[in-house]
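Comments concern the structure below.
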Amino acid sequence: MHLAYPAVLSALLFCTGLYGVLARRNAILVLMSVELMLNAVNLNLVAFDVWLSRTAEETLHSGQALTLFTIAIAAAEIGIGLAIVLAVYRNRGTSDIDKLRDTAEGHEPDGPDSDATGRETPVPRTAGEKAEATA
Amino acid sequence: MTPAATLGGLAAGTVNLAAESRGFLSPTGVEIAFLLVGLVTFGAAVITVTTRQLVHAALWLVVALGGLAVEYLLLTAEFIAWVQVLVYVGSVVVLLLFGLMLTRAPIGRSPDADSGNRRVALAVAVAAAAALVWVVVDAFRTTWIDLDGAPAGSTEVTGASLFQHWVLPFEALSVLLLAALVGAIVLSRKAKADAASGATDARRDTEGAR
């Protein structure tokens, strides 16, 4: 098999995930797009590992080991990310990334934090930013 | 193993020399299968990031991830393929569906699924895709993967390399999973009694990750 096939498919999947991360508004859809990007990287790792394990004399199978690590880290990431999204939703009543602009510079926020108590508002703000950063 | 490896190396060397003569216009059967499954996977991924129905996006993600598992099988990486099915299709998508339900996502079409910077995102993605595909095709046009012989990613091979060379990262990963479990529970629990949903989510996640 030409190595170009899996490499091109992986590049296309990565760019699909990139579009999803940039264009989606719901935080859970952003997390789905992140999963697509991670899977594109996994496909690249597996394809290059299979290629190298045929051409090289001695191989550590590092591509497949790193793929397993990526899968496990992605599972942990999706758990933490969803916990953050649920915490934000519980405190702010929305999982809409565009509305979590309290720490943005430039203009005054008028976010829907009427249902949040005064003590808890700093926590979901940073958590929302972290969700964006993870996404 | 060693004579087989040297034989494989010799065969790969000759095949690499012969790879110049292998054109893209006369694909092998594996390549045709890879191409078809790849088209399905890419289409499902595109529908995942463009559909306006949130639950449908999660279900199309199942198709994309399952297609990737088939691609791993075609690349003779069996163990990775089954791990992909177990963890991604079995656990991550279920977790995403739970998240959609718990944030009360609308069942039907939601008009505000895409944000306002959609055209900019499309331009960035298309530019990145063009650049990446150009570079990748230019670099690996003549590289040939030899898929004959023993599978490169059977459970035996992967397990041997994992527990010979990668033991320390593997153990560190288990600590990371424990930290993620504790973190998810702490994040999703409230001072009051409605902590049950988040805790079950986190437990399900770590079960799937193992």
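Note that the structure is predicted; figures quoted are calculated from it, not measured. Just so you know, these numbers use all the heavy atoms, side chains as well, and skip hydrogens, waters and symmetry mates. Here is how names work: the chains are called A, B, and so on, in the same order as the sequence lines, proteins then strands, and each is numbered from 1.
With hydrogens and angles left out, the side-chain atoms of A/Q64 and B/T158 include a donor and acceptor closer than 3.5 Å. Under 3.5 Å, the side chains of B/Q84 and A/N42 contain no donor-acceptor pair of N or O atoms.
Although no hydrogens or angles enter the test, the distance criterion places no donor-acceptor pair under 3.5 Å between the side chain of B/E78 and the main chain of B/G153.
Residue B/L39: no heavy atom, backbone or side chain, is found under 4.5 Å from chain A. Residue contact with chain B, scored on non-hydrogen atoms closer than 4.5 Å, involves the side chain of A/D98 exclusively. With a 4.5 angstrom heavy-atom cutoff, A/L43 touches chain B via backbone and side-chain atoms both. The contact between B/L68 and chain A is made entirely by side chain atoms (from C-beta outward), counting heavy-atom distances below 4.5 Å. Of the two parts of B/A64, only the side chain, counted from C-beta on, holds a non-hydrogen atom closer than 4.5 Å to a non-hydrogen atom of chain A. In this structure, chain A has a heavy atom under 4.5 Å from the side chain of B/V136, while its backbone stays farther away. Neither the backbone nor the side chain of B/D138 comes within less than 4.5 Å of any heavy atom in chain A.
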Output a table of donor-acceptor pairs, distance under 3.5 Å, between side-chain atoms of residues 6-22 of chain A and any protein atom two or more places apart or on a different chain; print 'none' if there are none.
from, atom 1, to, atom 2, distance (Å)
A/S10, OG, A/A40, O, 3.1
A/S10, OG, A/N44, ND2, 3.3
A/T16, OG1, A/L12, O, 2.7
A/Y19, OH, B/R118, NE, 3.2

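With respect to B/I32, the side chain to side chain contact (heavy atoms under 4.5 Å, CB included) criterion is satisfied by exactly one of B/L35, B/L36, B/T28: B/L36.
Here A/N39 is the residue among A/D96, A/N39, A/I71, A/L66 with the most heavy-atom pairs under 4.5 Å with chain B. Between chain B and the residues A/R25, A/M32, A/M1, the largest count of heavy-atom pairs under 4.5 Å involves A/M1. Of all the listed residues (A/A23, A/A83, A/S62), the one sharing the greatest number of non-hydrogen pairs under 4.5 Å with chain B is A/A23.
In this structure, B/L178 CG and B/L173 CG are separated by 11.5 Å, a value rounded to the nearest 0.5 Å.
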